[in-house]
Amino acid sequence: MLSINKSRSLGATAALLLATTTAIALAQDKETVLKNRQTTMKEQGADLKNVKDYLDGKGDLAKAKEGAANLTQTTKKIPELFPPGTGGPNPTGDYVAKPVIWTDWDKFLDAQKTAAAKADALLVAVNGGDKTAIETAYSDLGKNGCGGCHTTFREKIEK
Amino acid sequence: MRPAWSYSRRIGRVIARSSVACVFDAVSVALPLTLAAPTAVGAPQGDVISRGAYLAAAAGCDQCHTDSKNNGQPYAGGRALATPFGTFYSPNVTPDPETGIGRWSEAQFLRALRDGVRPDGSNYFPVFPYPSFTEITDDDVRAIKAFLVAQPAVRRSNRAHDVAFPFSLRFLQTGWKLLFFSPGPFRPKPERGEAYNRGAYLVTALAHCGDCHTPRNWFGATEPSRFLAGTSHGPDGKAVPNITPDPDTGIGDWSEQDIVTLLKDGQTPDFDFVGGAMADVVKNTSRLDDADRHAIAVYLKALPPIRSEKKAR
């Protein structure tokens, strides 16, 4: 009797231990995911700035091209920045990813593909060198690409 | 989120005060009629319908009157607006004669925006921003109506508001108006220059920025002393940033050009792009001309800075 009880409690302890370590691992994982996400979004901001600086006569075309090229890559990477279970509290940021991302993943992918297509269009415009075309593409990417996602899938949190 | 008890306490106070409102109503206070408004300040020229389209964009009519979330027809209403008092559903403002504003006279339309009075003589709830729209010039109101009635008519009956007693009583609004509504046209300050005044007219009257960016008191009226200082309990319970030029908690470190860029592209100075309700606002402000966006920036930068608890973003 005693030994059965003992083995049972040992089993329970092992299960608990496993659950705890898994939880910790997941929590750390989420932290990494959130950090990567923030870093990528900030990189995208910096890339946009390079294009904007060129438009405003404050930066050179080579940098604008580099920024636009980066944006075509990073906008395609967005889905992998949002693995399931990485919504909810975000201790290091001002925003959270809304649950609708995972309940309506296809809609999220549509928005991401829109952003990626607009980034491609921006690169074409920047390579073309016509400032009016660049400005139109830039504005479209920001408002409807980035802004399109931020409207539906991102939420500001109260601190 | 604000805890539930805070609402019930608020509701208690409102009930206590609403008996006062009843008394006001009983004496049937006549609201002063508004004076004739000055002519439009620098509004773009052209035919009246395209002028109205421009003004409707500046006023963001579609943001409440189009239920875009549920793929509603433009201006056909039905959008849910959650407030501490309950959920309001915007009315149909397409020219449908039965369910929209097709039978409204110009005088009725003017009275709605200027005095917050419905064609049947009862009051609007201040969820309809007539306390801001009262400042719109007669010419601009007429142009907005001309634009709206030129839109496709959509037959869609208005949905009753889901507002709890006693807030659901429209006649109590007479008391509310007496306490919080000062009708009258926009009064420019000639000494501040043209851009400032055009910006003031756009921000306070047409675009009614304060309806989201100014905190509200227990009666749902905006607090003039905290004009545009942001609130943590804005529309749909969302936080809305301080847009006064306070350097720490407002947008004091933004240049005029930064504000223009935000209104044009939705981009903040740190290359983020606004989402939420402001993204919808930007869809409209991006349709304004640069001079008007600049005027808004000039006016916002000239506001008295107000400190708020939270950092604006």
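Values in this document were obtained by computation on a predicted structure and should not be read as measured data. Letters go in sequence order (proteins before strands), and every chain restarts at 1.
For A:K63, the NZ atom counts as loosely surrounded, since its 6.0 Å shell holds 12 or fewer non-hydrogen atoms of other residues, nucleotides or ligands. By the neighbour-count criterion of 12 heavy atoms within 6.0 Å, atom NZ of A:K143 is densely surrounded, having more than that number from other residues, nucleotides or ligands.
The candidate with the highest count of non-hydrogen atom pairs below 4.5 Å against chain A, out of B:T261, B:D280, B:D265, is B:D265. Of the residues considered (A:C146, A:G45, A:G142), A:G142 shows the highest number of contacts with chain B, using heavy-atom pairs under 4.5 Å.
With a 4.5 angstrom heavy-atom cutoff, A:K42 does not touch chain B via any of its atoms. Of the atoms belonging to A:Q44, not a single heavy atom falls under 4.5 Å from chain B. Residue A:F153: no heavy atom, backbone or side chain, is found under 4.5 Å from chain B.
In this structure the side chain of A:T151 never reaches within 4.5 angstrom of the side chain of B:F273, judged on heavy atoms. In this structure the side chain of B:F271 never reaches within 4.5 angstrom of the side chain of A:M41, judged on heavy atoms. Two residues are said to be in side-chain contact when any heavy atoms from C-beta on lie closer than 4.5 Å; A:E155 and B:K238 meet this criterion.
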Query raised in the report: Going through the checks in order, is the side-chain contact (heavy atoms from CB on, under 4.5 Å) test met by A:T152 and B:K69?
Result: CA-CA 10 Å; A:T152 320; B:K69 224 181 231 174; over 6 Å; no
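One finds the CD atom of B:Q267 at 10.5 Å from the CG atom of A:L141 (value rounded to the nearest 0.5 Å).
Between the side chain of A:H150 and the main chain of B:V274, no donor-acceptor pair closer than 3.5 Å is present.
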